[in-house]
Amino acid sequence: MQKGFELDRRLDADSEPLLWLGLCEMRLMNDRRWPWIVLVPQRSDIEELHELTPLDQAMLTFETNLVAQGLKQVTGCTKINVAALGNIVRQLHIHVVARNEGDPGWPGPVWGYGQREPYERTEMHQFKERLKKAL
């Protein structure tokens, strides 16, 4: 972790840590309706992709692709959504979401749809372990 880096409190409250990649902390959103990973580059005071160094941009692309492939392998989903919005949580973070036709809210975005359904601890643990093995 970069010196002085602090995870936004909302990301911390809404997600669970999975593992550290080279640049990012990989976190699981605590909403079982969608397999939903958040990648948080461990860089202080970064809000936008273009604020990263070229090397960090390349690493973020690599890690995003790695996670997307692992998520698709584990879930068998038909679509992977990748987004970096930052309108509410300004700290740079990348959403990687497994989607399937007919899932809650399809084909709309996952943000703001319905009520969050937290994982049960055992279910979350099993998913985390499967995803870690896929990476």
task = Could you pull out the closest heavy-atom pair between Leu60 and Pro41, with the gap in Å?
result =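 Smallest heavy-atom distance, with atoms named: CD1-CG, 4.1 Å.
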
query = Applying the 4.5 Å side-chain criterion to the ILVMFWY set and letting contacts propagate, would Val96 and Trp20 be lumped into a single cluster?
reply =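 The answer is no; the residues belong to distinct hydrophobic clusters.
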
Please tell me if the side chains of [X] and [Y] come closer than 4.5 Å, counting only heavy atoms from C-beta onward.
X     : Y      : answer
Arg43 : Asp56  : yes
Asp12 : Arg27  : yes
Ile94 : Leu49  : yes
Glu51 : Leu92  : no
Arg99 : Trp106 : yes
Gln91 : Leu7   : yes
Leu71 : Cys77  : no
Val97 : Ile80  : no

Extract all donor-acceptor atom pairs below 3.5 Å that involve side chains of residues 31-40 and protein atoms in other chains or at least two apart in sequence.
unit_1 : atom_1 : unit_2 : atom_2 : d
Asp31  : OD1    : Arg33  : N      : 3.2
Asp31  : OD1    : Arg33  : NE     : 2.9
Asp31  : OD1    : Glu117 : N      : 3.3
Asp31  : OD2    : Arg33  : NE     : 3.2
Asp31  : OD2    : Arg33  : NH2    : 2.6
Arg32  : NE     : Glu123 : OE1    : 3.0
Arg32  : NE     : Glu123 : OE2    : 3.2
Arg32  : NH2    : Glu123 : OE2    : 3.1
Arg33  : NE     : Gln115 : O      : 3.4
Arg33  : NH1    : Tyr113 : O      : 2.6
Arg33  : NH1    : Gln115 : O      : 3.4
Arg33  : NH2    : Tyr113 : O      : 3.2
Trp34  : NE1    : Pro104 : O      : 3.2
Trp36  : NE1    : His95  : ND1    : 2.9

query = Within the side chain of Ser44, is there an N or O that forms a donor-acceptor pair under 3.5 Å with the backbone of Phe5?
reply =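 Confirmed, Ser44 side chain pairs with Phe5 backbone.
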
task = Among residues two or more places apart or on two chains, list those pairs meeting side chain to side chain donor-acceptor pair (under 3.5 Å) that have a residue in residues 65-88.
result =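 Applying side chain to side chain donor-acceptor pair (under 3.5 Å) to every pair that reaches into residues 65-88, excluding sequence neighbours, yields nothing.
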
From [atom1] ([X]) to [atom2] ([Y]), nearest 0.5 Å:
X     : Y     : atom1 : atom2 : result
Leu52 : Glu47 : CG    : CD    : 12.0 Å
Leu23 : Gln42 : CG    : CD    : 7.5 Å
Glu6  : Leu11 : CD    : CG    : 13.0 Å
Ile46 : His93 : CD1   : NE2   : 14.5 Å
Glu63 : Glu25 : CD    : CD    : 11.5 Å

Output all residues satisfying salt bridge (charged side-chain N to carboxylate O under 4.0 Å, His left out) with [X], sequence neighbours left out; order by chain, then residue number.
X      : value
Arg10  : Asp8
Arg116 : none
Asp14  : none

Exercise answer: donor-acceptor pairs, residues 127-135 side-chain atoms, under 3.5 Å, sequence neighbours excluded:
unit_1 : atom_1 : unit_2 : atom_2 : d
Lys128 : NZ     : Pro17  : O      : 3.2
Arg130 : NH2    : Val74  : O      : 3.0
Lys132 : NZ     : Leu18  : O      : 3.4

